[in-house]
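For reference, the structure is listed below as structure tokens.
Treat the numbers as computed from the prediction; the structure is a model and nothing was measured.
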Amino acid sequence: MSEQRKLAVITGASSGLGLELAKQFAQDNYDIAISGSSDRIFEAADTIRDLGVEAYPHKADAATYDGVESFWNFISELKRPIEAVVLNVGIGLGGAFTDTDLEEELRLISINISGTVHMAKRVVHHMVPNGRGRILIVSSISATQPTPYETVYGPSKAFGYMFAESLREELRETGVTVTALLPGPTDTNFHSNAGMDSSKIGSSKKNDKALVAKQGYEALMNDEDHVVGGDEKTKQQAEDNRTTPEPVKAANHAEKARLQN
């Protein structure tokens, strides 16, 4: 019966990495509440149900306080304990900072930072009294380096990474765990949606999204503090970023992320 299954919650699950993470939970017999900003979230729910579990889709704008709160209210109305949450919602924006639109940059911050903190607050207040729960915060390998031509995106993901590590330590004795997932470039529509098709990184070979989701899921279940998502080359890049000077990393990323005319 559906009531006997554990419940997982995943934001930004209409497609891409969020949907792949939902599949990981479904294959492990979790029912799943999912959110997205378009009607595709209802198609994603059908995909999840095909795996033999229940899906609860909710359409909302994660860039607004009311949008995030509406999803939380939707989850609360299920009246079920939440065993796992994936805070995956996030957008990118390519282009030189002098050229990008301020409103788009502020929307990115609202989704990647404010929305993450908002939902995390609700989740923590739910899980801590229960004495259990798992939280996966999807950051990016961009969190480990400067990201010129994605000048606001990278710092927003650095926030997510350090937020996850900070929250993990605070919750150490509560039974609630926190894990950060740092994917490298992944085969989703992320770079296209960010307007980066003409960049080298936009047209480069990407990591398999199913692999990245599996790595994130396993790290969450194994209570790891973070995991780099992708192939060995991606993992080596994250390791190299620990010792490479910031100006060198910035120049390397600029070469890959600069839009080509």
Inset, instruction - Before giving the answer on salt bridge (Lys or Arg N to Asp or Glu O under 4.0 Å), spell out for R107 and E104 the whole-Å C-alpha distance, their side-chain angles and the decisive distance to 0.1 Å. - result: CA-CA 5 Å; R107 178 175 172 80; E104 291 188 42; over 6 Å; no
Inset, instruction - Check the pair K23, E20 against salt bridge (Lys or Arg N to Asp or Glu O under 4.0 Å), reporting the backbone distance first and the verdict last. - result: CA-CA 5 Å; K23 291 177 184 177; E20 291 301 321; 3.2 Å; yes
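The line from CZ of R258 to CD of E150 is 12.5 Å long, rounded to the nearest 0.5 Å. The CG atom of L181 sits 14.0 Å away from the OH atom of Y217 when rounded to the nearest 0.5 Å. If you take CG on L19 and CD1 on I41, they are separated by 8.0 Å, rounding to the nearest 0.5 Å. For the atom pair N88 CG and S139 OG, the distance stands at 11.5 Å (nearest 0.5 Å).
For D46, the side-chain hydrogen bond (donor to acceptor under 3.5 Å, both in side chains) criterion is met by R49, not counting sequence neighbours.
A donor-acceptor contact closer than 3.5 angstrom is absent between the side chains of D28 and Q24. A side-chain donor from one of T234 and D231 sits under 3.5 Å from a side-chain acceptor of the other.
No salt bridge links D208 with K214; every basic N to acidic carboxylate O contact stays at or beyond 4.0 Å. The pair K235-E232 fails the salt-bridge criterion, with no side-chain N (NZ, NE, NH1 or NH2) lying under 4.0 Å from an Asp/Glu carboxylate O. A salt bridge is absent between K233 and D240; no separation between the charged side-chain nitrogens and carboxylate oxygens falls under 4.0 Å. Using a cutoff of 4.0 Å between basic side-chain nitrogens and carboxylate oxygens, E43 and R40 are not scored as salt-bridged.
Heavy atoms of other residues, nucleotides or ligands lying less than 6.0 angstrom from CD of E246 number more than 12.
Within the 4.5 Å cutoff, the side chain of Y153 has heavy atoms near those of the S140 side chain.
Ring planes of Y161 and H226: tilted class, angle from 30 to 60°.
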